[in-house]
Amino acid sequence: MRGVKTTKTDLRQKVFTEIARMAYNNEGPEALDNLPYKIIPGEMASVRSNIFLEREIVRERLRVAMGLSIRKITEHHKVSEGVDESMIADKYYEPPLVDIIKFACNSCPVNRVFVTNGCQGCLEHPCVEVCPKKAVSMSAGHSVIDQDACIKCGRCIAACPYHAIIHQERPCEKACGVGAIHPDKYGRAEIDQNKCVACGMCLVSCPFAAIVDKSQIFQTIKAIQSDTPVYAIVAPAIAGQFGKDFTQKRIRSAFKALGFTDVAEVAVGADLCTIEEAKDFLREVPDKLRFMGTSCCPAWAMMAKKNFPDYSENISMTLTPMVLTARLLKEHHPECKIAFIGPCLSKKQEASRRSVKSYVDFCLTFEELGGMFIARDVDFTKLPEDEPLHEASADGRGFAKSGGVAQAVVNYIKKIDPDREVKVEQADGLANCKKMMMIATKTHKYDGYLLEGMGCPGGCIAGAGVIQPAEKSVKNLETSMNEADFRQAAETSYADWIPSLMNIEATFHDYQDDYDTMGTKKHKKRTAKEKEKKKKED
């Protein structure tokens with residue numbers, strides 16, 4: 001549950017904090033051997049069947065937080081095995097990004113309708129009467145459902161006056177909008193990495209903390225401790241994530257307390273993304289493309305390209321705000337390293353792409369940043385005030401919420417072409433995004449439209465790596481937008497930098513290469529022809 005402190009979020013925070021402490025204190029890999037006993041002290045288990053299982057799960061989480069893969073349960077490995085190779089500043093995590101600790105999985109029911117002990121064995125038993133398959137019967141004074149005959153239509157659930165019948169689905173599988181999760185041969189959850197787009201919704205939905213994501217906390221801190229300047233670029237969803245004392249005037253001081261050279265807001269890149277997507281839309285739709293999808297959410301873009309490869313060019317190839325901001329900083333500071341800080345797991349996957357990793361060196365979530373603040377004992381109330389972040393527009397900051405990207409693009413188009421009508425359709429949550437793409441590709445309903453897709457329900461403010469509830473984030477984001485010095489992307493002072501930041505042709509083919517490993521054979525074949533054609537042209 002995002003924004004609610006639970007035993008799961010507490011465990012994640014402790015793991016992130018201890019990895020950060022280990023890095024700041026320059027401890028070696030042997031330190032990992034003692035951390036499970038620090039995180040899970042005492043002799044008795046508190047949340048699982050026994051303390052040995054709890055500590056073994058923590059060991060895997062510690063390794064994953066170092067960017068390493070989960071160990072095979074059938075083989076003996078020391079918890080610190082291979083860790084020394086990750087204790088450097090230039091190490092990317094080992095794929096896959098999101099994985100499952102199998103012995104932490106509860107093997108939850110995949111899909112069943114069953115009668116709870118709330119059943120009163122009533123005289124009327126409407127559940128029996130309404131079932132179209134006669135799967136419900138009375139036994140020993142209670143309703144019983146034949147699971148083989150049940151079709152999960154839900155009529156018995158609606159008919160029960162005591163709400164004693166429930167429909168159970170595996171939380172992680174239900175949350176996955178791309179159908180990437182299925183049971184393994186033992187009934188435990190398993191991720192089909194060919195389908196996964198790393199949105200992280202399964203991770204936040206698993207109540208047993210069995211799903212994990214790899215991290216670069218340690219590597220980021222090692223880079224900070226080097227002689228190379230490291231800049232943090234923060235997503236606009238950071239508004240309010242660390243409480244009322246983490247003010248605009250203390251953001252710089254807070255990041256400098258962690259060792260960062262300085263901090264910039266990714267909303268600047270969002271303004272540049274707005275300008276380019278608006279130009280793309282005006283140039284391409286409807287003359288060359290029936291519709292255009294936004295590019296800023298990598299989970300949405302990857303889902304669209306995987307599932308609708310024939311329409312991959314309909315997703316804007318404009319660089320994302322993260323990449324544009326990183327490129328802008330490296331134009332000014334060529335020798336620096338960049339750490340993106342945001343709410344998103346899929347950004348970690350984007351940052352590991354061949355076409356992106358030379359610009360974005362590290363990618364952390366707000367959860368992981370919180371662990372760093374705790375490890376360094378940063379007290380926001382004691383930090384000096386500094387110059388606030390003020391170079392982005394309100395529209396750029398609005399990228400963090402569902403509908404914000406499309407609105408920013410529409411506002412810019414109205415500024416340069418007041419007579420142009422821009423029709424918009426938006427969807428959040430990958431299942432809804434997939435439905436939107438199905439309609440767009442199979443019908444002509446969205447011809448001429450700008451389609452905005454957001455992988456997380458509610459947008460980035462409800463990403464898998466946030467700390468506060470989405471409802472609270474909406475209010476804090478609106479406050480941040482109201483505090484912006486200007487309203488629209490058209491007013492940014494960085495517009496002149498776009499040509500040097502974005503070679504559209506090169507970027508398009510780089511991104512196509514990234515998606516080649518994810519697409520269908522048909523897509524690969526078509527892309528190979530495009531490359532051959534380009535080679536001949538060159």
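The model shown is predicted, which means the values in this text are computed figures rather than measured ones.
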Side-chain heavy atoms of Val64 within contact of Asp99, under 4.5 Å: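 A side-chain contact is absent here, since even the closest heavy-atom pair is not under 4.5 Å.
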Qualifying residues under side chain to side chain donor-acceptor pair (under 3.5 Å), relative to Gln219, sequence neighbours excluded: none
Check ion pair Arg397-Glu483 (N to O, under 4.0 angstrom): no
Donor-acceptor pair, distance only, cut-off 3.5 Å: does the side chain of [X] make one with the backbone of [Y]?
X: Arg61; Y: Val212; value: no
X: Ser80; Y: Val83; value: no
X: Asp361; Y: Ile338; value: yes

Glu94, Glu56, Glu81 screened by salt bridge (Lys or Arg N to Asp or Glu O under 4.0 Å) with Arg71, the one that passes: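 The residue from Glu94, Glu56, Glu81 that satisfies salt bridge (Lys or Arg N to Asp or Glu O under 4.0 Å) with Arg71 turns out to be Glu56.
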Residue that, paired with Glu368, satisfies side chain to side chain donor-acceptor pair (under 3.5 Å) out of Arg12, Gln13, Lys348: Lys348
side-chain contact (heavy atoms from CB on, under 4.5 Å) partners of Pro95, counting only residues at least two apart: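 With neighbours one apart ignored, the set is empty.
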Under the side-chain contact (heavy atoms from CB on, under 4.5 Å) test, residues paired with Lys475 that sit two or more places apart: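 Lys475: no side-chain contact (heavy atoms from CB on, under 4.5 Å) contacts found.
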Donor-acceptor pair between Ser393 and Asp271 side chains, under 3.5 angstrom: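 Side-chain D/A pair, Ser393 to Asp271: present.
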Pairs involving residues 28-81, ordered by first then second residue, that meet ring pair (Phe, Tyr, Trp, His ring centres under 6.0 Å) (sequence neighbours left out): none
Geometric cation-pi criterion, Arg327 with Tyr359: 6.0 Å, 45°: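 Checked: cation-pi criterion met.
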Whether over 12 other heavy atoms sit under 6.0 Å from Lys357 NZ: yes
Glu75 CD: over 12 foreign heavy atoms closer than 6.0 Å: yes
Thr294 and Glu452: CA distance, side-chain angles, deciding distance, side-chain hydrogen bond (donor to acceptor under 3.5 Å, both in side chains) verdict: CA-CA 5 Å; Thr294 57; Glu452 179 197 287; 5.7 Å; no
Contacts of type salt bridge (charged side-chain N to carboxylate O under 4.0 Å, His left out), residue Lys222, not counting sequence neighbours: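 For Lys222, no residue satisfies salt bridge (charged side-chain N to carboxylate O under 4.0 Å, His left out) once neighbours in sequence are set aside.
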Phe366, Phe242, Phe260 screened by ring-ring contact (aromatic ring centres under 6.0 Å, His included) with Phe373, the one that passes: Phe242
Any pair counted as side-chain hydrogen bond (donor to acceptor under 3.5 Å, both in side chains), so long as it reaches residues 167-181, sequence neighbours left out: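 For residues 167-181: Asn111-His167, Arg112-Gln168.
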